[in-house]
Amino acid sequence: SVTAWTAQNVWEHYLHTQDVEMLRNGGYDFLRDCAQLYLGLLVDDAEGQLNIELSHSPEQIWFDDGGRRYFAYGRNPTIDISCIRTLFESVVAGSHVLRKVDPVADAAKDALKRLPPLPVHGGVLADYEIGFFHDGDRPGTFPHCHRHPSRLMPVFPGRQIGLHSPPETLDLGRRSFREFRSYGEEGFTGWSYAYQACIAARLGLAEDAEQCLERMCEGFLLKGMLTSHNSITPGVGNYELFQGSPLFQIDALLGSVAAVNEMLIQRTPDGVIRVFPALPAGRPASFDSLRVPGAALVSASRDADGVEWISVCAEQAGEIALASPWPGGAAVTDHAGVRFSIDENVLQWSATPGTAYRFTPPA
């Protein structure tokens with residue numbers, strides 16, 4: 001899945017900037033070429049489903065009868081399905097943005113209907129639909145501590161499961177996150193904690209997200225705000241495996257910033273902007289001009305009692321939807337044209353580029 005995973009960065013760049021010229025001058029062609037790779041790799045079965053017949057959920061291992069570990073491979077990994085779906089969706093959407101008639105985009109659109117469902121076993125996401133173990137094939141579940149949350153890819157950076165999801169799907173994501181963390185932390189690295197904080201934030205698990213960041217700081221934070229791959233604190237993460245030897249790595253540092261951003265602001269795939277979606281209750285906070293998909297810059301402030309104000313400024317014309325954080329979904333604004341969806345507690349309007357729309361709670 002690494003090619004499709006890498007391609008997400010190109011599409012995320014477009015989503016956040018709406019930079020059509022970037023797509024036109026190479027971005028779309030890169031996405032298209034990546035999609036062609038997977039269209040060639042997927043295998044059609046008798047029911048018409050397209051499958052990844054052999055792959056590896058990153059770094060996943062198992063143990064033979066002698067206790068020796070080995071890399072465990074399998075069919076239809078969750079991480080691959082998530083990444084390929086995101087890639088195919090970006091190619092289809094990109095062709096529409098550029099108004100291209102493209103057979104690759106048409107093939108990707110057809111393939112989206114025939115990709116496998118996300119593997120679920122025992123009520124949680126699994127690494128594989130089928131794992132190829134030394135003693136035979138069986139559902140690809142791995143009940144042991146493992147630093148790479150590959151099976152949670154549909155939550156982050158994928159967007160298949162999140163606060164926009166139906167309750168049963170969101171509950172699947174939350175159960176899966178807690179199942180992943182239920183086996184201990186002995187192998188966790190700095191980036192593993194940061195990654196998990198991003199996942200928790202996408203699921204609205206505020207305390208879990210904060211706890212992951214606290215553990216990362218406790219075990220992996222070096223002087224000058226640099227971060228280590230290996231734990232430097234006994235009892236935290238992978239300390240016992242590496243005897244506390246520090247190894248500088250920037251992944252945890254950048255991943256922590258991503259997690260904080262996700263805790264403060266999200267624009268979910270349904271197009272709705274949500275402020276402070278994963279911040280512990282009663283925690284004062286504020287942010288200024290954080291960018292969300294749709295090229296919108298959002299600022300907001302919250303005290304111990306709740307959100308004080310929100311400002312949304314779009315760089316491009318388009319429809320904006322903002323979840324109201326106030327009781328009953330009410331809000332006060334001086335801008336004409338803002339309408340209120342009572343059922344969803346969502347404020348909606350057609351944004352004028354460069355105009356800051358400010359909202360405050362009713363008196």
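The analysis underlying the following values was restricted to heavy atoms, covering all of them including side chains, and did not include hydrogens, waters or symmetry mates. Along the sequence shown, residues are numbered consecutively beginning with 1.
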(request) Report the C-alpha distance between Q60 and H146 in whole Å, list the side-chain angles of each, state the deciding distance to 0.1 Å, and finish with yes or no for side chain to side chain contact (heavy atoms under 4.5 Å, CB included). (result) CA-CA 7 Å; Q60 189 55 272; H146 179 52; 3.6 Å; yes

(message) Using a 3.5 Å distance criterion without hydrogens, assess whether the side chain of S228 forms a donor-acceptor pair with backbone atoms of F248.
(response) no

(message) Would R202 pass as a cation-pi partner of F156, given that its NZ or CZ must be under 6.0 Å from the six-membered ring centre and within 45 degrees of the axis?
(response) no

(request) Establish whether M216 and L241 are linked, either directly or via other cluster members, by ILVMFWY side-chain heavy-atom contacts under 4.5 Å. (result) no

(message) If I take atom CG from residue D44 and atom CD from residue Q49, how far apart are they, to the nearest 0.5 angstrom?
(response) 9.5 Å

(request) Consider only side-chain heavy atoms of I, L, V, M, F, W and Y, link residues closer than 4.5 Å, and tell whether V332 and W326 are in one cluster. (result) no

(message) Can you give me the closest heavy-atom contact between A356 and C313, atom names plus distance?
(response) CA-CB, 4.1 Å

(message) Would you compute the distance between atom CG of L98 and atom CG of D29 and round it to the nearest 0.5 angstrom?
(response) 9.0 Å

(request) Nearest 0.5 Å please: distance from the CZ atom of R302 over to the CD1 atom of I310. (result) 11.5 Å

(message) Parallel, tilted or perpendicular: which one describes the rings of H229 and F242, with boundaries at 30° and 60°?
(response) perpendicular

(request) Please answer whether the main-chain N or O of L87 pairs with a side-chain N or O of S90 as donor and acceptor at a distance below 3.5 Å. (result) yes

(message) Y14: which residues meet the ring pair (Phe, Tyr, Trp, His ring centres under 6.0 Å) condition with it, sequence neighbours left out?
(response) W11

(request) Using the six-membered ring wherever Trp is involved, compare the ring planes of H148 and W191 and label them parallel, tilted or perpendicular (cut-offs 30° and 60°). (result) perpendicular

(message) Between H121 (side chain only) and E129 (backbone N and O only), is there a donor and an acceptor less than 3.5 Å apart?
(response) yes

(message) Is there a side-chain contact between L170 and L203 in this structure, where contact means two heavy atoms from C-beta onward sitting under 4.5 Å apart?
(response) yes

(message) Applying the side chain to side chain donor-acceptor pair (under 3.5 Å) criterion to R159, which one of H164, Q266, E12 satisfies it?
(response) E12

(message) List the residues meeting side-chain hydrogen bond (donor to acceptor under 3.5 Å, both in side chains) with S299, not counting sequence neighbours, and say none if there are none.
(response) D288

(request) Run the ring-centre check on Y195 versus F188 and record whether the distance is less than 6.0 Å. (result) no

(message) Under a 3.5 Å cutoff, is there a donor and acceptor pairing between the side chains of D102 and S95?
(response) no

(request) Give a yes or no answer on whether the side chain of N9 reaches the backbone of T6 with a donor-acceptor pair at less than 3.5 Å. (result) yes

(request) Give a yes or no on whether L297 and L15 share a hydrophobic cluster (residues Ile, Leu, Val, Met, Phe, Trp, Tyr; joining criterion: side-chain heavy atoms under 4.5 Å apart). (result) no

(message) If you compare all heavy atoms of M263 against all heavy atoms of P280, which two are closest, and at what distance to 0.1 Å?
(response) CE-CD, 4.3 Å

(request) Enter the distance from N76:CG to D127:CG here, rounded to the nearest 0.5 Å. (result) 13.0 Å

(request) To the nearest 0.5 Å, tell me how far R174 CZ sits from T169 OG1. (result) 12.0 Å

(message) With no hydrogens and no angle check, just 3.5 Å: does a side-chain donor-acceptor pair link E186 and H144?
(response) no

(message) Can you give me the closest heavy-atom contact between Q348 and A321, atom names plus distance?
(response) CG-CB, 4.2 Å

(request) Would you check if the side chain of R267 reaches a backbone N or O of P293 as a donor-acceptor pair within less than 3.5 Å? (result) yes

(message) Measuring only between side-chain heavy atoms, which start at C-beta, is F276 closer than 4.5 Å to V307?
(response) yes

(message) For Y128 and W62, I'd like to know if the aromatic rings sit close, meaning centre-to-centre distance below 6.0 Å.
(response) no

(request) Measure across A197 and A259 and return the closest heavy-atom pair with its distance rounded to 0.1 Å. (result) CB-CB, 3.6 Å

(request) Dump the intermediate steps for side chain to side chain contact (heavy atoms under 4.5 Å, CB included) on R178 and L205, then the final yes or no. (result) CA-CA 10 Å; R178 289 184 168 134; L205 300 175; 3.4 Å; yes

(request) Go through the steps for L322 and V298 under the test side chain to side chain contact (heavy atoms under 4.5 Å, CB included), then give the verdict. (result) CA-CA 10 Å; L322 172 67; V298 184; 5.8 Å; no

(request) Among F71, F142, Y70, F63, find the one that has a ring-ring contact (aromatic ring centres under 6.0 Å, His included) with F133. (result) F142

(message) If you define the side chain from C-beta out and look only at heavy atoms, does anything of T17 sit under 4.5 Å from M22?
(response) no

(message) Ring-plane angle category for W349 and Y357, please: parallel below 30°, perpendicular beyond 60°, tilted otherwise.
(response) tilted

(message) Under a 3.5 Å distance rule, please check whether Q196 uses its side chain to pair with a backbone N or O of S192 as donor and acceptor.
(response) yes

(request) Provide the closest heavy-atom pair for V92 versus A105 in the form atom of the first, atom of the second, distance. (result) CG2-O, 3.6 Å

(request) Specify the closest pair of heavy atoms between P325 and V275, including all atoms of both residues, with the distance to one decimal. (result) CG-CG2, 4.4 Å

(message) Any side-chain to backbone donor/acceptor pair from S1 onto A4? Under 3.5 Å, distance only.
(response) no

(request) Compute whether any side-chain donor of one residue and acceptor of the other, for E218 and T233, lie under 3.5 angstrom apart. (result) no

(message) Hydrophobic clusters here meaning ILVMFWY residues chained together by side-chain heavy-atom distances under 4.5 Å, can you tell me if L253 and V257 are in one?
(response) no

(message) With a 4.5 Å cut-off on side-chain heavy atoms, are T333 and L347 touching?
(response) no

(request) Check whether any side-chain heavy atom of F180 sits under 4.5 Å from a side-chain heavy atom of I199, and report yes or no. (result) no

(request) Establish whether Y28 and V97 are linked, either directly or via other cluster members, by ILVMFWY side-chain heavy-atom contacts under 4.5 Å. (result) yes

(request) Would you mind reporting whether L42 and N51 have side-chain heavy atoms less than 4.5 Å apart? (result) no

(message) Quick one, I52 with Y38, criterion side chain to side chain contact (heavy atoms under 4.5 Å, CB included). Give me CA distance, side-chain angles, the key distance, then yes/no.
(response) CA-CA 9 Å; I52 305 102; Y38 292 100; over 6 Å; no

(message) Any donor-acceptor pair under 3.5 Å linking the side-chain atoms of R274 with those of T268?
(response) yes

(message) I'd like to know if the side chain of R291 and the backbone of H16 have a donor-acceptor N/O pair within less than 3.5 Å.
(response) yes

(request) Would you confirm whether S176, through its side chain, and V124, through its main-chain N or O, come within 3.5 Å as a donor-acceptor pair? (result) no

(message) What I want to check is whether the side chains of R85 and Q160 have a donor and an acceptor closer together than 3.5 Å.
(response) no

(request) Could you tell me how the ring of Y193 sits relative to the ring of F220: parallel (under 30°), tilted (30 to 60°) or perpendicular (over 60°)? (result) tilted

(request) Ignoring hydrogens and angles, tell me if any N or O in the side chain of N230 forms a donor-acceptor pair with the backbone of L247 under 3.5 Å. (result) no

(message) Would you say that L54 contacts F132 through its side chain, given a criterion of any heavy-atom pair below 4.5 Å between the two side chains?
(response) yes

(message) Is the shortest side-chain heavy-atom distance between M153 and L125 below 4.5 Å?
(response) no

(message) To the nearest 0.5 Å, what is the distance between SG on C212 and CD on E185?
(response) 7.5 Å

